[in-house]
Amino acid sequence: MEIFLDSANFREIEHWLRQGVVDGVTTNPSIMLKDGVYGLEEGARRLCTLLGNRPVSVEVTTNDAKGMLEQGRTFARWAPNVVVKIPVVNECGDSCLGVIHTLSREGVPVNTTAILSFNQAILAAKAGATYLSIFAGRVSDEGNDPASIIRGVRHWLEEWGYPAKVLVGSIRAVIDVQSAALAGAHIVTIPPQFLSKMVDHKYSRETVRQFNQDAEKALAQISQYKTAAQ
Ligand code: E4P
């Protein structure tokens with residue numbers, strides 16, 4: 001399974017890249033705003049450089065299909081690792097599958113975003129999307145079970161031979177990462193604060209502390225023996 005960072009915070013991304021656990025980055029206009037990246041092109045180009053050849057998802061910022069297509073083509077020229085994020089529907093409920101299909105046929109990798117149901121996911125896969133972003137937290141907000149959607153979509157993709165990858169976003173707690181991973185997500189995109197929580201454990205700290213203390217005691221014993229032998 002791959003791990004993406006759901007962030008536009010350069011310092012956090014650099015930190016986690018150095019830890020060797022980051023396979024890509026996802027952003028959206030809210031993340032860009034929160035992390036102080038106000039200039040989309042400059043921010044996206046900087047992220048793409050930082051990530052090397054790993055994918056960086058950049059979301060369109062318009063509600064009409066023609067505008068999405070134009071933005072998608074423009075974003076794709078910014079860097080070879082740009083992935084264009086297109087919502088499955090716009091804010092009026094109009095299908096964006098045509099945009100996803102056209103960009104995908106032109107060779108632009110598309111991350112279909114704001115997916116909240118099994119049916120939306122399979123339609124995006126049929127339209128040619130590279131990534132299917134299932135929003136686990138928002139699925140839960142609606143009283144539905146993200147794990148059963150993730151499991152179902154993963155099974156369906158394999159059953160019918162679609163190459164799209166299940167990318168689980170909208171992570172609201174550490175347990176969501178575990179649930180998504182065990183339900184069969186190909187990728188989970190994680191806000192950096194949860195990665196910090198995932199790696200830490202108070203009993204691990206205590207265990208390491210105990211080992212360090214015993215190592216110090218062993219050294220003290222050696223110097224005691226040396227002194228006695230002199
Ligand atoms: C990632 O691709 C999504 O844009 C992001 O995870 C959405 O998260 P939210 O539901 O917390 O806004």
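- For the pair Asp176 (side chain) and Ala173 (backbone), a donor-acceptor distance under 3.5 Å is present.
- In the hydrophobic cluster analysis, where Ile, Leu, Val, Met, Phe, Trp and Tyr join through side-chain heavy atoms closer than 4.5 angstrom, Met1 is grouped together with Val153.
- Using a 4.0 Å cut-off between a side-chain N of Lys or Arg and a carboxylate O of Asp or Glu, Arg45 and Glu41 qualify as a salt bridge.
- Annotation: side chain of Asn111 is in contact with side chain of Thr26 (closest heavy-atom distance under 4.5 Å).
- Taking OG from Ser133 and NZ from Lys85, the interatomic distance works out to 5.5 Å, rounded to the nearest 0.5 Å.
- Nearest heavy-atom pair across Cys96 and Pro87 is CB-O, 3.0 Å.
- You'll find the side chain of Met32 reaches within 4.5 Å of the side chain of Leu47, heavy atoms only.
- Between the Ser148 side chain and the Asp145 main chain, a donor and an acceptor come within less than 3.5 Å of each other.
- Looking only at side-chain heavy atoms (C-beta outward), Leu167 and Leu132 stay at 4.5 Å or farther from each other.
- Connection of Trp78 to Met68 is established within a shared hydrophobic cluster, with ILVMFWY side chains joined at heavy-atom distances below 4.5 Å, either directly or through further cluster members.
- Here CD1 of Ile187 is found 8.0 Å from CG of Asp23. Values are rounded to the nearest 0.5 Å.
- Within the 4.5 Å cutoff, the side chain of Val22 has no heavy atoms near those of the Ile3 side chain.
- You'll find the side chain of Lys165 stays beyond 4.5 Å of the side chain of Thr130, heavy atoms only.
- Separating the NE2 atom in His101 from the CG atom in Leu123 is a distance of 13.0 Å, to the nearest 0.5 Å.
- Using a 4.5 Å heavy-atom threshold, the side chains of Ile150 and Val168 count as touching.
- With a 6.0 Å radius and a threshold of 12 heavy atoms from other residues, nucleotides or ligands, Lys34 has its NZ atom above the threshold.
- Between Glu12 atom CD and Asn9 atom CG the span is 5.0 Å, to the nearest 0.5 Å.
- The shortest distance between side-chain heavy atoms of Val208 and Arg205 does not fall below 4.5 Å.
- The main-chain N or O of Val37 is never found under 3.5 Å from a side-chain atom of Asp35 such that the two would form a donor-acceptor pair.
- The aromatic rings of Trp156 and Tyr162 lie parallel to each other, their planes meeting at an angle below 30°, with 60° marking the opposite boundary.
- Other residues, nucleotides and ligands contribute at most 12 non-hydrogen atoms within 6.0 Å of the CG atom of Asn53.
- Using a 4.0 Å cut-off between a side-chain N of Lys or Arg and a carboxylate O of Asp or Glu, Lys66 and Glu70 qualify as a salt bridge.
- In terms of hydrophobic clustering, with Ile, Leu, Val, Met, Phe, Trp and Tyr side chains grouped at heavy-atom distances under 4.5 Å, Ile31 and Trp16 are assigned to different clusters.
- Val56 and Phe4 fall into different hydrophobic clusters, where Ile, Leu, Val, Met, Phe, Trp and Tyr are joined by side-chain heavy atoms under 4.5 Å apart, directly or via other members.
- Checking side-chain atoms of Thr27 against main-chain N and O of Ala8 turns up no donor-acceptor pair under 3.5 Å.
- In this structure, Ile86 is not a member of the same hydrophobic cluster as Val83, with clusters built from ILVMFWY side-chain heavy atoms closer than 4.5 Å.
- The distance from the CG atom of Leu103 to the CD atom of Gln71 is 11.0 Å, given to the nearest 0.5 Å.
- Between Asp141 and Arg138 no salt bridge is recorded (no basic side-chain N to carboxylate O distance below 4.0 Å).
- To the nearest 0.5 Å, atom CZ of residue Arg209 and atom NZ of residue Lys202 are 12.0 Å apart.
- By the 4.5 Å heavy-atom criterion applied to side chains, Gln19 and Val199 are not counted as neighbours.
- At a threshold of 4.0 Å, the pair Arg154-Glu158 counts as salt-bridged, since one of the basic side-chain nitrogens sits closer than that to a carboxylate oxygen.
- Proximity of a side-chain donor or acceptor of Asn63 to a complementary backbone N or O of Glu91 within less than 3.5 Å is detected.
- Within 6.0 Å of CD on Glu42 lie no more than 12 heavy atoms contributed by other residues, nucleotides or ligands.
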